[in-house]
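Some notes on the structure that comes next.
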Amino acid sequence: MYSGAAAAAGPPRRDFISVSLGPEEPVGVTGYNNSKAWRRRSCWRKWKQLSRLQRSVILFLFAFLAVCGVISYTSMGETWKSITNKSLDDHRTEQEIPSLKLANPAVLPAPQKADANHGDYPELSLQKPPRPPHVRRGPFNLQIKAPRRDTRLKNRHDTVRAVEELVEADKVEKTEKSIISWRGAVIEPDQNTEPPSSKTMEPEKPSSVEAEDQKEPVPINERQLAVIEAFRHAWKGYKNFAWGHDELKPLSKSYSEWFGLGLTLIDALDTLWILGLKEEFEEARKWVANDLVFDKNVDVNLFESTIRILGGLLSTYHLSGDSLFLEKAKDIGNRLMPAFKTPSKIPYSDVNIGRGTAHPPRWTSDSTVAEVTSIQLEFRELSRLTGDEKFQKAVDEVMKHVHTLSGKNDGLVPMFINTNSGQFTHLGVYTLGARADSYYEYLLKQWIQGGKKEHELLEDYMRAIEGVKKHLLQRSEPKKLTFVGELAHGHFSAKMDHLVCFLPGTLALGAHNGLDADHMKLAETLIETCYQMYAQVETGLSPEIVHFNLHAQKGHKDVEIKPADRHNLLRPETVESLFYMYRFTGDKKYQDWGWEILQNFNRYTRVPTGGYTSINNVQNPSNPEPRDKMESFFLGETLKYMFLLFSDDMDLINLDKYIFNTEAHPLPIWVPA
Ligand code: DMJ
């Protein structure tokens, strides 16, 4: 290019040309000599041939170019540095996120990251070294950091959700730093709305457990030993044939899966602890530590996994002080949160804990009222322990919403609620049995858990008990047993599920906490009825559902059983209520009734090779028709309540310090009564 310019120019410029580029003679005429020495000599000769003016011009041009070069180098350098910083920041931010994830896997909403979006983060390489802190430059980072997160998120399927996750993660991180104090299982009245201390993340024993440890231990009595023996027998079957699976099938010596999460093992953890089965507890703990993985592409029922898994892990954390269980609780808690992403905020029944998606059952967009209103104790406690209010907020919102709904009948609620509209559906049917039962239980228990301050809960509870008295109570013939029936579009039905037998215990608990004394009276009459549901049956075991006789008929007992209802699933409700009744009255007849029931479980449901089984026919002692399934609540609830019922230690799980969730997992009361 410079050669062409020279051809058109006058003499000075011609000189310039010959100096800068051209060889002295055309290649091939004199031969090509490209040695360094030749080139040096040739250049020097040329330089010497130039006039002084020419040399000065050339030197001046060189100097000028040099100055320009220095200036542009400096400004390029800044730009380059900023680019370099930006890229280093990218790496740091990318690393920050996985490292948050590693440090606190549970507080990040892990499900979406787990598998679905793995491929969305190719840039999140842990191998890229982070920029050392001293290289950081405030303004650059401030400008770059926020968009950086957007860039990281841009490939995600659900950007909104991803942003929420990051905000949540940041919130958790900040809250954990700002937390100040933690006093174990019980917090001070004025602290109960404050975020808990970051110490809660450490394996510190809750103070209430320490206090109990300091007392003289009350010796275990014979009936308790019988419970321990029964538990060991059940555990033997589970361990031999179903270890790490959901439920034991004791007859076929195999197992069944529901969620594939070791349901029986988790449900049984705190029972192992309370019964003092240390070796078995350690073994189970090891399984939780090494094998319990929630990052699974599996649909779980929100309610069942909350009461059994989240509840079981939280209570075991409180009893043992072992932070492993809190970490696992946080993990499952986070994975269940997508259930609340519905138009009405009434949660869906099912959540895929691996994918982070939730949905209602295939045939309806309704959820069950009991299910959406009986997850509160667990999520509220999870918020208190983690300092992350999102869990409590989600479940409190459900209660507040249900509080305002129309469609109740004197405080009694229908059985279904729509996740789109947030309204009750299938109006006009009222029961305290399946699909509504624990709504009433959790009204009272949340009120107690929170230090008896949440008046709407108490209001709803009191109104509902009045509704029960007004619409559902009747007396049977011939024994005049008071029972709780059902109401369908104005028609009373004398049908009572065994599930309703939670009610005497709940009423007694309310009375113990200062509610009407006539609640205790009602509890006493109802527990008698529940006992009769066992005593009047051939095997001494209650069926799933009974129908009471309203009119005396010769040769008929109070209790009638329909063929479809005569199964027994090893349910706990009556034993649970017996435990409360004994605790609050000290009347040993309740222990004796429980003892009868345990013996009948041993007689008709015990499988010699290990485990207990639900049965199909409580009316046939010679063939109760074993079903080949041991439900997880037999270990989680039934045997636990038996052990506590028989205990001479009235403080063993003190009812002024603990509130049992609906799966018998004790959680601390936030303010001691
Ligand atoms: C348990 O899972 C809980 O007690 C629940 O509230 C009702 N059903 C079973 C036990 O019967």
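The figures here come from the full heavy-atom set of this structure, side chains too, leaving out hydrogens, waters and symmetry mates. The first residue in the sequence is number 1, and the count goes up from there. Indexing begins at 1, ligand by ligand and atom by atom, following the structure's order.
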So, does T506 use its side chain to make a donor-acceptor pair with the main chain of E441 at under 3.5 Å?
no
One residue to check: [X]. Relative to ligand 1, which of side chain, backbone, both or neither has a non-hydrogen atom less than 4.0 Å away?
X: L499; value: side chain
X: P572; value: side chain
X: R308; value: side chain
X: E637; value: side chain

Modelled atom types, side-chain donor and acceptor of [X] and [Y], under 3.5 Å:
X: D366; Y: N418; answer: yes
X: S256; Y: E247; answer: yes
X: Q532; Y: D558; answer: no

What protein heavy atom lies closest to [atom]? Include the residue and the distance to one decimal.
atom: atom 10 (C) of ligand 1; result: E573 OE2, 3.2 Å
atom: atom 2 (O) of ligand 1; result: E663 OE1, 2.5 Å
atom: atom 6 (O) of ligand 1; result: T662 OG1, 2.7 Å
atom: atom 8 (N) of ligand 1; result: R571 NH1, 3.5 Å

Centroid-to-centroid, H547 to F483, below 6.0 Å?
no
Quick check, are the ring centers of F643 and F231 under 6.0 angstrom apart?
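So the answer is no for these two rings.
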Does any part of the side chain of M520, heavy atoms only, come nearer than 4.5 Å to the side chain of F584, both counted from C-beta?
yes
Report yes if some N/O of S438 lies less than 3.5 Å from some N/O of ligand 1; otherwise report no.
no
Heavy-atom contacts with I307 under 4.0 Å: which atoms of ligand 1 show up? List them by number with element.
2 (O)
